[in-house]
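Beneath this line is the structure, given in structure tokens, with notes to follow.
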2 protein chains.
Amino acid sequence: MNKHHTDMEVRAHADHHASLRLWLRLLSCTTRIEDTIRQRLREQFDITLPRFDLMAQLEREPQGLSMSELSRRMMVTGGNVTAIVDQLEKEQLVLRQTQVGDRRSFTVSLTSAGREAFAAMALAHEGWVVELLSPLADQEQTQLHQLLGTLKSGPPTQPKEKT
Amino acid sequence: MNKHHTDMEVRAHADHHASLRLWLRLLSCTTRIEDTIRQRLREQFDITLPRFDLMAQLEREPQGLSMSELSRRMMVTGGNVTAIVDQLEKEQLVLRQTQVGDRRSFTVSLTSAGREAFAAMALAHEGWVVELLSPLADQEQTQLHQLLGTLKSGPPTQPKEKT
DNA sequence: TATTGTTATACTCTATAACTATA
DNA sequence: TATAGTTATAGAGTATAACAATA
């Protein structure tokens with residue numbers, strides 16, 4: 001088109017629209033996949049995403065986590081963690097154990113039933129993710145992973161530094 | 001999306017499938033950006049994302065849209081559209097007009113105050129998006145856009161049109 | 001009968017803040 | 001006083017379903 005006479009302002013404007021289109025596509029792709037996963041978790045395991053996430057946190061830490069540590073890791077406030085742990089405990093998927101040194105605090109961990117249930121859910125979950133990302137070839141997935149890494153952390157050539 | 005703010009990437013295990021790591025990174029990046037935009041819209045314009053989205057739909061269709069068309073485009077059920085339009089109409093940002101041919105239906109459109117307010121918000125919004133995507137160079141953004149196009153529509157051997 | 005839109009209701013997820021028990 | 005956790009409440013955001021008016 002007008003490559004030879006590109007005005008910086010025009011180009012900047014066009015780039016802005018390009019970023020906006022990229023963002024809308026990013027949002028649309030992610031939302032579609034997340035909604036599918038949420039719906040399948042609900043239908044097949046009768047579980048919500050935050051509950052799944054909490055169990056995933058516990059699965060990574062077999063020795064258990066305190067309520068406040070769960071709150072910190074899930075980046076939600078304490079009251080919400082209480083509610084989720086209440087539900088999961090009622091279903092005997094997690095367990096509150098009192099601490100020896102500090103009687104204000106609990107250690108929350110998966111029960112064996114919880115570990116078993118989570119293993120089945122995580123397996124299905126991984127299969128769905130593989131399925132939903134399958135339009136991209138392995139090499140494209142690697143490329144996408146790298147680009148998102150840059151988006152997340154800034155470019156590897158210019159890492160965040162204090163100047 | 002609404003959404004929890006967990007950094008989902010921490011759920012990744014070394015032995016998880018590469019697709020799962022990709023998905024967690026995709027979700028994490030998108031959620032982080034969306035939460036930032038949602039917060040800024042709230043703080044600076046006292047508006048929610050669904051209300052912003054509804055106004056964006058109307059801005060693209062100056063002749064207006066019916067409630068059911070808004071519902072279809074926003075992919076939420078009719079009752080929700082009624083509630084959002086009620087709020088925006090109370091603030092005189094949008095207008096319901098009765099149809100001539102079908103007295104069941106309304107045409108919803110932006111008022112001039114609504115167009116003005118939306119223009120300011122859209123400008124800020126676009127600036128935020130440019131800022132939040134700025135870790136990626138233009139060429140990387142193009143690459144990402146293409147990869148997400150493939151993810152959305154399936155492989156080029158099985159195209160499905162639409163952007 | 002079907003469609004457009006509204007109303008009523010409920011559930012999840014979230015935050016804030018007051019509260020209890022313990023440190 | 002400070003911290004760990006709970007409870008109470010409120011408000012988005014969503015869905016379903018019953019409903020009224022109109023086609």
Side-chain angles (χ1 to χ4, degrees), chain A residues 27 31-32 34-39 41-43 45-55 64-91 94-109, chain B residues 1-6 8 27 31-32 34-43 45-54 64-90 94-109:
Chain A
L27 185 57
T31 304
R32 189 172 48 76
E34 191 182 17
D35 287 349
T36 302
I37 289 173
R38 192 192 304 274
Q39 186 183 346
L41 279 175
R42 167 68 74 192
E43 285 172 2
F45 297 104
D46 193 30
I47 199 167
T48 63
L49 216 32
R51 279 162 62 185
F52 180 77
D53 287 343
L54 191 144
M55 291 180 75
L65 293 168
S66 67
M67 297 297 281
S68 51
E69 181 60 20
L70 277 169
S71 171
R72 194 188 65 73
R73 294 196 186 196
M74 299 183 68
M75 295 170 78
V76 297
T77 52
N80 302 310
V81 173
T82 296
I84 297 172
V85 169
D86 282 350
Q87 294 173 331
L88 292 172
E89 197 172 29
K90 193 153 51 183
E91 298 177 43
V94 308
L95 190 66
R96 276 182 178 95
Q97 286 172 292
T98 51
Q99 295 272 26
V100 281
D102 188 338
R103 282 185 301 175
R104 295 171 304 180
S105 181
F106 298 112
T107 293
V108 184
S109 53
Chain B
M1 272 186 174
N2 139 180
K3 301 285 153 68
H4 32 188
H5 308 189
T6 311
M8 287 75 170
L27 185 56
T31 304
R32 189 172 47 78
E34 191 182 16
D35 287 349
T36 303
I37 290 174
R38 190 191 304 272
Q39 185 184 347
R40 291 184 183 177
L41 279 176
R42 165 70 72 192
E43 285 171 0
F45 297 103
D46 193 30
I47 199 166
T48 63
L49 214 34
R51 279 163 62 184
F52 179 77
D53 288 344
L54 191 144
L65 293 169
S66 67
M67 298 296 282
S68 51
E69 181 60 20
L70 278 170
S71 170
R72 193 188 65 72
R73 293 196 188 195
M74 299 183 67
M75 298 198 292
V76 297
T77 54
N80 302 310
V81 173
T82 295
I84 297 171
V85 170
D86 282 350
Q87 294 174 329
L88 291 173
E89 199 173 27
K90 192 151 51 182
V94 308
L95 191 65
R96 275 183 179 93
Q97 285 172 294
T98 51
Q99 295 273 24
V100 282
D102 187 338
R103 283 186 300 176
R104 294 171 306 180
S105 182
F106 297 112
T107 293
V108 184
S109 53

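Hydrogens, waters and symmetry mates are skipped; everything else that's a heavy atom, side chains included, is used. Proteins come first, then strands; the chains are lettered A, B, ... in the order of their sequence lines, and each starts at number 1.
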Touch class at under 4.0 angstrom, heavy-atom based, for Ser66(B) against every strand present: sugar-phosphate
Closest to side chain of Thr48(B), choosing from dT6(D), dG13(D), dT12(C): dG13(D)
Test side chain to side chain donor-acceptor pair (under 3.5 Å) applied to Gln39(A) - qualifying residues, sequence neighbours left out: Glu43(A)
Approximate separation, where rounding is to 0.5 Å, of Leu88(B) CG and Ile47(B) CD1: 6.0 Å
Val108(B) side chain near Met67(B) side chain, heavy-atom distance below 4.5 Å: yes
Any residue of residues 74-84 of chain B with a heavy atom less than 4.0 Å from an atom of DNA chain D: Val76(B), Thr77(B), Asn80(B)
Length of the line joining Glu69(B):CD and dT3(C):C1', which is rounded to integer Å: 15 Å
Asp46(A) and Arg51(A) ion-paired at < 4.0 Å: no
Gap separating the CG atom of Leu95(B) from the CD atom of Glu89(B), nearest 0.5 angstrom: 6.5 Å
Contact check, side chains of Glu34(A) and Leu49(A), non-hydrogen atoms, under 4.5 Å: yes
DNA chain D contacts made by residues 94-104 of chain A, counting heavy atoms under 4.0 Å: Arg96(A), Arg104(A)
Minimum side-chain heavy-atom gap Thr48(B)-Arg42(B) below 4.5 Å: yes
